[in-house]
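Below is one structure, written out as structure tokens, with a few remarks after it.
Chain letters run A, B, ... following the sequence lines, proteins first, then strands; residues in each count from 1. Keep in mind the model is a prediction, meaning the values are calculated, not measured.
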Number of protein chains: 2
Amino acid sequence: MSNEQDTRTAFMEATYRALCKHGYADLTMQDIADETDKSKAALHYHFDGKDDLFRSFLAYLHEGFLEEIADHPDGTPVERLVALVRRVLDPVDDEGDRQFNTAFMEIKAQAPYRDGYRQVLRRFDADLHGEVAALVAAAVEAGQYGPDTEPDEIADHVLTYIHGTWTRAAAIGADVVSMREHLVEDLLDLLVDGAEVPVSPAHTDATTVEEPTDAAADDGTEEVTSR
Amino acid sequence: MSNEQDTRTAFMEATYRALCKHGYADLTMQDIADETDKSKAALHYHFDGKDDLFRSFLAYLHEGFLEEIADHPDGTPVERLVALVRRVLDPVDDEGDRQFNTAFMEIKAQAPYRDGYRQVLRRFDADLHGEVAALVAAAVEAGQYGPDTEPDEIADHVLTYIHGTWTRAAAIGADVVSMREHLVEDLLDLLVDGAEVPVSPAHTDATTVEEPTDAAADDGTEEVTSR
DNA sequence: ACTAACTAACTGGCCAGTCAGTCAAAAACG
DNA sequence: CGTTTTTGACTGACTGGCCAGTTAGTTAGT
């Protein structure tokens, strides 16, 4: 063991764990090192400082993201589109994933100050945009969506809505599932009158039971998710 | 001059300016003091530490926000709704405001870790939600929107979309105006067939010319640190 | 003379980054 | 083959800078 590449990868995974535990704002090099059997100095040996480490980490995340959004080609285009949206807007069942989303918000918030971050985030956005637009185009092709549907415009709408869902979920603890299904409905409403798609079931049942995070000891103000 | 209240207010304004200059992540007490003719210690005299200062600052912002979203009762409900959306999603003409939005994103990103922040942010969200829902309800009342329109659902949709616009604008530098007008169109599409509203003009002209941020030196791949 | 509103200087803790080694395994050599 | 040199991966201890918060005063108003 212990060739360069393995160690770097180990540090990437450690960064992920440390990020979930501590959040971006008070993540130290020591925290990351503590998630491995290596020392803090070893981190500095493999990466040229915190910035370089994080740049690498984002690239590493991007790879994973590409896999997550990759199309699974079974079903009609709209079914696959809905599946994509659900995949991207789902991770909330896992506590670790929720914490990661939270930390990822912090990274987004740093993007304006860090060119390197912003460039990678643009890629995340553009890749997802591309995938959505492709599926919308396929839906038009297949006659599920009207011929005057603009894939890029729909994709833009979807992307903005997705970012909004992530943000509201993280910042105020709004309910992801209800926002997500709202979006899914919008997508289904676009179907041309003839073409029904048997997608909608299999959600809001087991999934809705989450989000006690919020109901716990919080003030009285709530309002948030509507009711 | 120099009674307690005035000084506190001066510090609130100073915090705003300092936040725009430095961003939340590396905002120091000194930075804030430097925006006034007072010393850093004076800050500690008036506020019980950074946390308390920021809690107060958020409350101060909230007041301003309430004024910003307050309804100006001229025109039909839908006109006022569109005006509200434009008001909330506009500030981009002013460089200072843009920086503030950026800094505000950082605050949102800290909300999951700070109960105090989250509670105030919930208020921001709930108040805007309430205002939107009220206008939608008024539109239904006035026959502009169909009687089966659910104000809360529309408001939720609008809120999520607005958060998404803020986030995408800050994180990847997406164009606010085009996203905003997209939302405005959605709102106008909801009108019942008879009722046209002469709102849409007056936008996208001078405002669209922004965003050179990106076209500059942005490569194709980077690859960062690996080899 | 008392107090509210300050200030300059200081303290203590934290954290990124550095440095002078250690150590084992691979090359180089005779 | 055995010995020496080199190199890559790593560590513990340290440093320097930064920053929130404190303290021991000073000043101005009443």
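Judged by distance alone, the side chain of B:R87 and the main-chain N or O of B:A70 form a donor-acceptor pair under 3.5 Å. A donor-acceptor pair under 3.5 Å is formed between the side chain of B:D31 and the backbone N or O of B:T28.
As rounded to whole Å, 15 Å separates atom C1' of D:dG17 from atom CD of B:Q30. In this entry the distance linking OH of A:Y24 with P of C:dA16 reads 11 Å, nearest Å. B:K40 places its NZ atom 12 Å from the C1' atom of D:dT23, with the value rounded to the nearest Å. Between A:D26 atom CG and D:dA20 atom P the separation is 14 Å, expressed in whole Å.
Ring geometry, A:Y161 versus A:H182: the interplanar angle falls from 30° to 60°, so the pair is classed tilted. Taking the six-membered ring where tryptophan is involved, the planes of B:F100 and B:F57 are perpendicular, since the angle between them exceeds 60° and thus also 30°. Ring geometry, B:F11 versus B:H46: the interplanar angle falls from 30° to 60°, so the pair is classed tilted.
Within residues 43-55 of chain B, the residues having any heavy atom closer than 4.0 Å to DNA chain C are, in order of number, B:Y45, B:H46. Looking at residues 12-20 of chain A, you'll see that no heavy atom sits under 4.0 Å from any atom of DNA chain C.
Using a 4.5 Å heavy-atom cutoff, the side chains of A:T160 and B:L183 are not in contact. Side-chain atoms of A:H163 and B:W166, non-hydrogen and from C-beta on, never get closer than 4.5 Å to each other.
Using a 4.0 Å heavy-atom distance criterion, B:L27 is classed as a sugar-phosphate-only contact. Counting any heavy atom pair closer than 4.0 Å across all strands shown, A:D37 reaches sugar-phosphate atoms only and no base atom.
Residues satisfying the side chain to side chain donor-acceptor pair (under 3.5 Å) criterion with A:K21, sequence neighbours excluded, are A:E35.
Considering only side-chain N and O atoms, B:S39 lies nowhere under 4.0 angstrom from the phosphate OP1 or OP2 of C:dA8.
The residue among A:A41 and A:M29 whose nearest nucleotide of DNA chain C lies closer to the 5′ end is A:M29.
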| field | Test side chain to side chain donor-acceptor pair (under 3.5 Å) applied to B:D34 and B:Q30, step by step | value | CA-CA 6 Å; B:D34 287 350; B:Q30 190 64 60; 2.9 Å; yes

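Taking every side-chain heavy atom of B:A42 into account, C:dC6 is the closest of D:dC10, D:dA9, C:dC6.
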